[in-house]
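One-based numbering, in listed order, for ligands and for the atoms of each. Computed over heavy atoms, backbone and side chain alike; hydrogens, waters and symmetry mates excluded. Note that the structure is a prediction, hence the values are computed from the model and not measured.
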Amino acid sequence: MKLRSMLFVPADSEKKLAKSLGSPADALILDLEDSVAEARKAGARGTAAAFITANAKQLGAQLYVRINPLDSGMAMGDLATVVVAGLAGIMLPKTRSAADIVRLGHCLDALEARAGMAAGSVRIVPVATETPEAILNMQSFAGPIARLAGVTWGAEDLSAAIGAVSNRDEDGSWSPLYLLANSLCLAAAAAAGVPAIDTLHADFRDSAGLAIACRASRRRGFRGRIAIHPDQVAIINEAYSPSEAELAHARRIVDAFAAQPEAGTLSIDGVMIDKPHLTQALRTLAGAG
Ligand code: COA
Ligand code: MG
């Protein structure tokens with residue numbers, strides 16, 4: 001299932017939930033964590049569950065819920081309410097290592113059985129770099145992890161945990177720690193065999209900046225991005241979809257190898273093509289459906 005765009009929707013906002021129904025996002029993330037004030041968290045759980053029950057069947061978007069962190073004292077209550085038929089996945093914030101994903105998976109085993117859902121059907125997307133401990137534990141993603149659907153990263157909570165004045169240098173570029181977090185997200189996702197999903201572009205009125213950031217991120221290997229505003233979704237979907245020219249080139253590579261099954265390497269337009277190019281071409285075509 002594609003995860004080019006994942007749109008955050010604060011789960012305590014009936015207005016935003018209603019608006020999200022018209023979004024072309026590949027996934028909606030009904031948020032119970034940072035965008036919901038403490039006093040509204042309990043109510044938001046029920047609102048999210050009711051939204052999933054009412055809309056999952058007819059909606060094109062996959063429905064995820066971002067629960068509160070496992071050590072917050074709220075995660076089990078969140079899960080007990082929102083694991084209902086139609087839930088596609090859980091976004092796990094402040095993930096400390098892949099062991100948290102395994103632990104969450106065990107909880108989901110029981111809750112799926114209670115809800116009469118297929119075992120293993122609820123997927124997990126961790127926010128993998130929000131704590132300093134998590135950065136040091138990223139090697140735990142080296143290998144397949146049950147239920148994992150993608151890996152994303154975050155810079156805001158990490159800079160708060162560190163006590164940094166900002167996560168940006170004076171020229172506006174990411175500070176080194178956040179470039180590391182970004183790169184570790186790419187490596188962890190690839191090692192675990194799932195797509196890397198880039199972090200949010202906070203300036204949600206800046207469409208041009210978002211498009212530039214998406215193009216750079218896709219070149220680096222990210223396969224999608226978090227959205228925080230409905231207007232960001234179309235830009236993200238377009239940026240993380242292969243262009244016609246890329247598709248045509250990928251087809252040429254696949255066709256060239258099919259025509260010469262004995263060849264380990266060959267040339268197209270005077271450029272050497274070998275196994276990694278074929279892998280990439282097949283991935284491009286598979287991603288386009
Ligand atoms: N999901 C669904 N609908 C949204 C939305 C979202 N994430 N963000 C805005 N909307 C709606 C607004 O309610 C408004 O609806 P209306 O046309 O019916 O009035 C419309 O889209 C336009 O919104 P706009 O006025 O441009 O933005 P805003 O000032 O209302 O909201 C934010 C700005 C940042 C508060 C809002 O985009 C938001 O809540 N984003 C998600 C935040 C979040 O979940 N953060 C956690 C992850 S970091
Ligand atoms: Mg946060």
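Contact annotation: D34 has no heavy atom less than 4.0 Å from any atom of ligand 1.
Closest approach between the Mg ion (ligand 2) and any N/O/S atom of D34 involves OD2.
Shortest contact from atom 46 (C) of ligand 1 to any protein heavy atom: R66 NH2, 3.5 Å. For atom 43 (C) of ligand 1, the closest non-hydrogen atom of the protein is S35 CB, 3.6 Å. At the top of the distance list for atom 20 (C) of ligand 1, counting protein heavy atoms only, stands K19 CE, 3.7 Å. Residue, atom and distance of the protein heavy atom nearest to atom 8 (N) of ligand 1 are P230 CD, 3.4 Å. When hydrogens are left out, the protein atom nearest atom 28 (P) of ligand 1 is R205 NH2, 4.8 Å; that is the closest non-hydrogen contact. With respect to atom 24 (P) of ligand 1, the closest heavy atom belonging to the protein is H229 NE2, 3.4 Å. Nearest protein neighbour of atom 30 (O) of ligand 1, counting heavy atoms only, is K16 CE, 4.5 Å. The protein heavy atom nearest to atom 18 (O) of ligand 1 is K15 NZ, 3.4 Å.
Interface atoms of ligand 1 facing D31, defined by a heavy-atom separation under 4.0 Å, are 46 (C). If you number the atoms of ligand 1 from 1 as listed, the ones under 4.0 Å from a heavy atom of P10 come out as 39 (O), 41 (C), 44 (O). Taking every non-hydrogen atom of F204 and a distance limit under 4.0 Å, the qualifying atoms of ligand 1 come out as 33 (C), 34 (C).
When distances from atom 15 (O) of ligand 1 to the protein are checked, a heavy atom turns up under 4.0 Å.
Within a 6.0 Å radius of CD in Q139, other residues, nucleotides and ligands contribute more than 12 heavy atoms. A 6.0 Å sphere centred on CZ of R220 holds no more than 12 heavy atoms belonging to other residues, nucleotides or ligands. Other residues, nucleotides and ligands place more than 12 heavy atoms under 6.0 Å from the CE atom of M76. Heavy-atom neighbours of H229 NE2 from other residues, nucleotides or ligands within 6.0 Å: above the threshold of 12. Within a 6.0 Å radius of CZ in R147, more than 12 heavy atoms belonging to other residues, nucleotides or ligands are found. Atom CD of Q58 is surrounded by more than 12 heavy atoms from other residues, nucleotides or ligands within 6.0 Å.
Of the polar atoms of L200, none of the N or O atoms is found under 3.5 Å from an N or O of ligand 1, judged by distance alone. Annotation: F8 places an N or O atom under 3.5 Å from an N or O atom of ligand 1; distance criterion only.
With D171 contributing its side chain and S173 its backbone, the two residues share a donor-acceptor pair below 3.5 Å. In this structure a side-chain-to-backbone donor-acceptor pair under 3.5 Å is present from D78 to N68.
In this structure, R96 does not pair ionically with E133, as no charged nitrogen and carboxylate oxygen lie closer than 4.0 Å.
Side-chain contact annotation: N167 with S175, donor-acceptor N/O pair under 3.5 Å absent.
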Would D26 and R4 count as a salt bridge (Lys or Arg N to Asp or Glu O under 4.0 Å) if you check the C-alpha gap in whole Å, the side-chain angles of each, and the deciding distance to 0.1 Å? CA-CA 6 Å; D26 290 333; R4 292 169 309 180; 2.9 Å; yes

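In summary, an N, O or S atom of D157 is located under 2.8 Å from the Mg ion (ligand 2).
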